[in-house]
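Computed from a predicted structure; not experimentally measured.
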Amino acid sequence: MSLPAQDPTPGSRDRSGLPRDTPGVTEDGAGARERLLHVLLSVQSDIIRGAHAPSALERLLSQLLALTGSEAVLLAEHVHPAGAPPTYHRVVALPADALPSSWDTPTSREGTPCAARELRALVETVCATGGVTQTLTPGARRPVLGLPLEVEGSVVGVLGLAGRPDGYDADLIEFLRPVVHTCGGILWECRNEQRRQRAEQEVRQQQQQSAERLRLVLENMQDGVWDLDLLTGEVFANPRWMGMLGYGEGEIPSTAETWMALRHPDDVVPGDKIRREHLEGRIPLVEIEQRMRHRDGRWIWVLTRAKVVAREANGRPLRMVGTNVDITPHKLGARRLQDLVDVLPDLVFRLSADGTYLDHYDKNLDELAIPRQSIIGSNIRQLPLAPPVLDKMLAHVAKVIRDGKVDTFEYMMVLSQGPQYYELRTMKTAPEEVIAIVRNITERKLTEFRLLQQEEELRRHRDSLEELVRIRSEKLLRATLDLEEQQAQLVQSEKMASLGQMAAGVAHEINNPVSYVMSNLGTLDQYVSGLTPLLEGVRELTRLGAPEEFRAEQLEHMRELWQREDVDYVLGDMPQLIEESLGGTRRIKEIVQSLRSFAREDTGEPQLVNVNEELASTLKIVWNELKYKCEVKRDFGPLPLVSCHPTQISQVFTNLLVNAAQAIETKGEIRIRTRQEGGEVVVEIADSGKGMTPETISKLFTPFFTTKPRGQGTGLGLSVSYGIIARHQGRIDVQSEPGKGSTFTIRLPASAPEAPAES
């Protein structure tokens, strides 16, 4: 708790307020003040000379501890940053272990005086109130004194004393005023010094960082940066200064003369002139494009920009700084661009939104409608064009500026060389500007006109050709129909010719069954003649009302007739005669039906046909050609149906079978084999005849080619057969060797899968 200053006991204190019987204090009040002032002056002098402030203050407080007879003394710094809680830092504490260095984590140790431990709470109270505070310890009830160290209205710290037996009165507090002022000033100056040192350190760090950044920038710049001392000619530059010429750092002297010696001879005079004008102050800046000799011998283009940055009072230049930039790619690109522009036949203009010419490039002066010297500043409306065309042109320019897209516009002008057509291609280059490329398209327009005329003429020719093609197509169609009709007639003729050749054989085939049918009919006639009386007698017997005597006579007469006519034999022979006659008539019917099928014309529509059945029917027709000298062997396999014209296929089989029989001179064999291979029906007809040579095979299917004697063949059989198979999307092949017979193989596409047909 706070205590008022105590009045001194009479006779126990001197005028300084110090106790007379304090151990270790022998001076009187005046001597104590003198000693204290001496210590204060010594400490201040040491700090001014650069001594360590805490050490000097510790020496001061140790003297203060002895002069006041206190058990502990503390000098603490108070720091209260804006927007943050206050903190307290121990500067000096005597004895040394009285207080910890951090006030945020206070600790106490065994043996620490109770008064010293109480100083912590005292410091916080003094800083909070800003006034002198005196309290008593709870146990020993010894006084503790806290004095604020105030500088410029702010409490910068606290001076604390504890454990003085007689307490701290007003005289003693007054005695401590110089110490309070000195300690406060020292803490304030120390704080300012720390701030200054921190600021200087931050400035040094910033300078170091800036210098490092500048060094990195200079080392990594693609431009040469240099600083020229105009008095000595010495150059301070980054590595790129000579690096762009291929020289490493230190390879050649860093002087202005070195650089000047590498210039192209043609660039020396104009470059020196510009530099001299700038040094004399007539132009504000040096800007030169010059060629420099590279280390490898080639010339590179360098853009030099420089300026004088220091002059004497009389205007004499002292220092110049500048940059060098390698613009070789730019110059080469500009040269290529210029070469490209030079070969363009176009006029190039830069126009404002209102149609005013701002710049131009015109290689062909004959195309200019405005004098060249008057173009810049003139307007599109000065062109010799009709007002509606000019309005459209300006609207075109406004549209390009508004939309930002390239657009074209065509117009016509009448010049001295006649009407000229132009194409205006415009592109936006600035908010209110466009680049306009004007190209003469007169030749193109004339070509377009000619093309239109040619297209019209071609259209007329096309129409006439289409009419001609239509007429000829009709003629061709009629010719095709005639040809098809003739071909059908030819096929039918060949068929009838084949039938004519086989007529005798067919007649013989029919004559045999006709002969024995007629013979049987004659025998049957005789049998009927013999049986007629017997049958009449039977009729008489069956008549009603005949007398008994007549019946007996008739029965006897009939017995005689039965025996005489040999009726038992006749009755046994008649069924056989009838059966033989019926078989003959059936044979005749089959031959006639086969002839009718072979001779009939096609209906025009293909039919689904069993090839095995067609082969069997054809064999019946040609059998007379085969049976006397050929043994026919059949090997008919199950086949799918084939979509074809059956009479045409039968004609092919007839031609091949007849040719096979004719190829056998005396006695031989014909083998007929059918099978299915994938989606095809295969028919093989092989003979054991005399065979053919390769030369004969190569001409075999040629129309009118035949190996038969004159008058025995038309030469159309195999040609017609080949055409028939080809029209059925099939193919016919032949294999033959002289003396080894021939094999003809026919392949026809099968129709949709169905149940196989057997022979």
- Task: Would you please name every residue forming a ring pair (Phe, Tyr, Trp, His ring centres under 6.0 Å) with W562, sequence neighbours left out?
- Result: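 For W562 there are no ring pair (Phe, Tyr, Trp, His ring centres under 6.0 Å) partners, ignoring immediate neighbours.
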- Query: Who passes ring pair (Phe, Tyr, Trp, His ring centres under 6.0 Å) against Y421, sequence neighbours left out?
  - Reply: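 So Y421 forms no ring pair (Phe, Tyr, Trp, His ring centres under 6.0 Å) with any residue.
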Taking side-chain contact (heavy atoms from CB on, under 4.5 Å) as the definition, give me every residue that meets it alongside [X], ordered by chain and number, with sequence neighbours left out.
X    : result
K331 : E289, W301, I327
E455 : L452
V406 : R425, M427
D407 : H396, K399, V400

Would you find more than 12 non-hydrogen atoms of other residues, nucleotides or ligands less than 6.0 Å from [X] atom [atom1]?
X    : atom1 : result
Y411 : OH    : yes
E423 : CD    : yes
R444 : CZ    : yes
K475 : NZ    : no

Check whether any side-chain N or O of [X] sits under 3.5 Å from a backbone N or O of [Y] as a donor-acceptor pair, and report yes or no.
X    : Y    : result
D687 : G689 : yes
S643 : S751 : no
T408 : L424 : no
Q676 : G678 : yes
K629 : E665 : no
S464 : H461 : yes
K690 : A663 : no
S617 : E613 : no
H728 : G730 : no

- Using a strict cut-off of less than 4.0 Å between a Lys/Arg side-chain nitrogen and an Asp/Glu carboxylate oxygen, indicate whether E466 and R470 qualify as a salt bridge.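 Salt bridge: no.
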- Task: Go through the steps to decide whether D463 and R459 satisfy the test side-chain contact (heavy atoms from CB on, under 4.5 Å), and finish with yes or no.
- Result: CA-CA 6 Å; D463 293 342; R459 188 186 62 78; 3.2 Å; yes
Do [X] and [Y] come within less than 4.5 Å of each other through their side chains, counting heavy atoms only?
X    : Y    : result
I725 : I649 : yes
L446 : R450 : yes
V609 : P606 : no
E669 : R671 : yes
F653 : I746 : yes
I685 : N659 : no

Which heavy-atom pair separates [X] from [Y] by the least distance, and what is that distance?
X    : Y    : value
F636 : T674 : CA-OG1, 3.1 Å
C630 : I664 : SG-CD1, 3.7 Å
A661 : I670 : N-CD1, 4.0 Å
L351 : A436 : CD1-CB, 3.9 Å
S742 : G691 : OG-CA, 3.8 Å
E614 : S650 : OE1-OG, 2.6 Å

- H645/R727 under side-chain contact (heavy atoms from CB on, under 4.5 Å): CA gap, chis, key distance, verdict: CA-CA 10 Å; H645 296 276; R727 285 194 299 274; over 6 Å; no
- Message: Apply side-chain contact (heavy atoms from CB on, under 4.5 Å) to residues E410 and K445 and explain how you reach the verdict.
- Response: CA-CA 11 Å; E410 293 184 3; K445 298 298 285 187; 3.3 Å; yes
- Query: Looking at T618, L657, L656, which one forms a side-chain contact (heavy atoms from CB on, under 4.5 Å) with I672?
  - Reply: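 Of the listed options, the one satisfying the test is L657.
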- Query: In a check of side-chain contact (heavy atoms from CB on, under 4.5 Å) between R634 and each of N612, L615, L619, which one passes?
  - Reply: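 By the side-chain contact (heavy atoms from CB on, under 4.5 Å) criterion, R634 pairs with just one of N612, L615, L619: L619.
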- Item | Stepwise side-chain contact (heavy atoms from CB on, under 4.5 Å) test for E684 and Q735 | CA-CA 11 Å; E684 289 183 358; Q735 294 180 348; over 6 Å; no
Could you tell me the separation between the [atom1] atom of [X] and the [atom2] atom of [Y], rounded to the nearest 0.5 Å?
X    : Y    : atom1 : atom2 : result
D733 : I697 : CG    : CD1   : 11.0 Å
R402 : K428 : CZ    : NZ    : 10.5 Å
I724 : N655 : CD1   : CG    : 7.5 Å
N610 : L641 : CG    : CG    : 6.0 Å
Y722 : R731 : OH    : CZ    : 10.5 Å
I441 : E448 : CD1   : CD    : 7.0 Å

